[in-house]
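Worth saying up front: this structure is predicted, and the values here are computed from it rather than measured. Counting convention: from 1, in listed order, for ligands and their atoms alike.
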Amino acid sequence: MSSKKYIATPTRTNEILKKYGFFFKKSLGQNFLIDVNILENIIRHAGIDQQSGVIEIGPGIGALTEQLAIHAKNVVAYEIDQRLLPILDNTLEDYSNIQLIHQDILEADVNTCIQANFDPEQQTHIVANLPYYITTPILMKLLREKLPISSLTVMIQKEVAERMAAEPNTKSYGSLTIAVQYYTNAEVVMNVPKRVFMPQPNVDSSVLKLTIRESPPVDVLNEQYFFAIVQAAFAQRRKTLRNNLITFFKGSVIEKEHINQILDAIGIDGTRRGESLSMEEFALLANAFFQATS
Ligand code: SAM
């Protein structure tokens, strides 16, 4: 098929929109991709090959779905907007390796979907141009479920991508960084200009690749507690670690002096700010307080 006929071109996208009288719903984060080169780059970075299984979130009118169907073995795509289902049936009719599911991804049982659609030995990846209004809830749901997948490669708001892939001691580093990097190796693989979207979004975009870790990079005694301590450390970014912990433990069995003792015992200076702590230091901190409270 010549590239002129691909869905991801301004001409073909306009034709499809006109044919179906489709109007964009801003509330669903509908910004469609109209550049095949960008899509090929995303797919290359995702490490997709002809054996891969792919889950896509939000196929829109099928721009990315079509390229995935060409490069992968099979594709399952979740779309929330009922109006797009008949359109997709038509735009993707030439491809027999795509399954469309009309469902909110936040409600979906993705694990069962993977068992049902992909072979256990098949490498499975998530690839998406995500709706920006719910990027973080979607990614955190998929990561917490510990799905049997190799990677997630997603187009998201540039600022959020930078937060997820951040290093300590930077403005972008925060509880979201730790939450994402606990499960994955995070890397911003490219920045994407606004002109490749229709309509153009108000924010800048990047492609983030999250490669699933075989096991977490640190040993924590209790994951929920670990994430709660990380949240607490960043609750007020300008405050010291000690002061954020004092606020967090107010009214609990852990008193101010006890906080100082624990910090001294593990060798972490309480006058530091949360943003200077590495993942290892957060694990040390959380484990020490967990032991002290249980
Ligand atoms: N993949 C298409 C592309 O790149 O041209 C469209 C991407 S557009 C940024 C996001 C898509 O996600 C839209 O089709 C929108 O309807 C869909 N969407 C929004 N919220 C969703 C949700 N909770 N579950 C599934 N799909 C959703």
Side-chain angles (χ1 to χ4, degrees), residues 3 5-17 20 22-46 48 54-72 75-92 95 98-110 113 125-142 145 147 152-158 160-161 190 192-208:
S3 70
K5 295 215 177 122
Y6 288 145
I7 300 165
T9 54
T11 332
R12 181 88 198 279
T13 298
N14 274 320
E15 268 171 30
I16 296 167
L17 299 178
Y20 294 95
F22 183 85
F23 56 92
F24 295 103
K25 274 197 187 161
K26 220 177 161 191
S27 62
L28 291 179
Q30 293 178 336
N31 301 94
F32 297 167
L33 281 165
I34 50 166
D35 186 316
V36 176
N37 290 327
I38 294 285
L39 292 172
E40 283 177 344
N41 270 327
I42 295 174
I43 290 170
R44 185 172 50 79
H45 281 296
I48 304 298
V54 180
I55 295 174
E56 186 193 357
I57 297 140
I61 56 170
L64 174 58
T65 327
E66 175 178 53
Q67 297 305 318
L68 289 169
I70 293 168
H71 290 88
V75 183
V76 176
Y78 285 94
E79 175 56 62
I80 198 172
D81 189 346
Q82 168 67 57
R83 300 173 305 154
L84 288 166
L85 274 293
I87 304 181
L88 285 162
D89 277 341
N90 181 249
T91 57
L92 299 173
Y95 305 92
I98 301 171
Q99 203 208 317
L100 299 171
I101 301 179
H102 174 221
Q103 197 176 15
D104 178 345
I105 188 66
L106 294 177
E107 311 265 300
D109 180 351
V110 183
C113 163
H125 305 265
I126 293 180
V127 182
N129 170 19
L130 286 178
Y132 291 179
Y133 74 108
I134 44 166
T135 299
T136 305
I138 292 177
L139 289 177
M140 290 319 300
K141 166 195 156 78
L142 298 171
E145 287 177 354
L147 302 168
L152 301 92
T153 304
V154 288
M155 175 90 75
I156 61 176
Q157 189 178 336
K158 183 168 185 262
V160 181
M190 61 179 175
V192 178
K194 290 183 177 150
R195 65 181 146 76
V196 302
F197 297 91
M198 187 188 292
Q200 295 192 9
N202 298 326
V203 294
D204 290 323
S205 306
S206 298
V207 176
L208 178 77

- Item | Tyr132 versus Ile156, closest heavy-atom pair with distance | CE2-CA, 3.6 Å
- Task: Using salt bridge (charged side-chain N to carboxylate O under 4.0 Å, His left out) as the criterion, list what pairs up with Lys194, not counting sequence neighbours.
- Result: Asp204
- Out of curiosity, Ile105 CD1 to Ile80 CD1, how far, rounded to the nearest 0.5 Å? 10.0 Å
Atom pairs and distances, donor-acceptor, side-chain atoms in residues 34-46, under 3.5 Å, two or more places apart:
from  : atom 1 : to    : atom 2 : distance (Å)
Asp35 : OD1    : Asn37 : N      : 2.8
Asp35 : OD1    : Ile38 : N      : 3.2
Asn41 : OD1    : Arg44 : NH2    : 2.6

- Query: Can you list the residues that meet the salt bridge (charged side-chain N to carboxylate O under 4.0 Å, His left out) rule with Lys25, with sequence neighbours excluded?
  - Reply: none
- Task: Determine, step by step, whether Met155 and Phe197 satisfy the side-chain contact (heavy atoms from CB on, under 4.5 Å) criterion, reporting the C-alpha distance in whole Å, the side-chain angles of both residues, the deciding distance to 0.1 Å, and the verdict.
- Result: CA-CA 11 Å; Met155 175 90 75; Phe197 297 91; 3.8 Å; yes
- Under a strict 4.0 Å criterion on non-hydrogen atoms, which protein residues are in contact with ligand 1? Leu28, Gly29, Gln30, Asn31, Phe32, Leu33, Glu56, Gly58, Pro59, Gly60, Ala63, Tyr78, Glu79, Ile80, Asp81, Leu84, Gln103, Asp104, Ile105, Asn129, Leu130, Pro131, Tyr133, Ile134
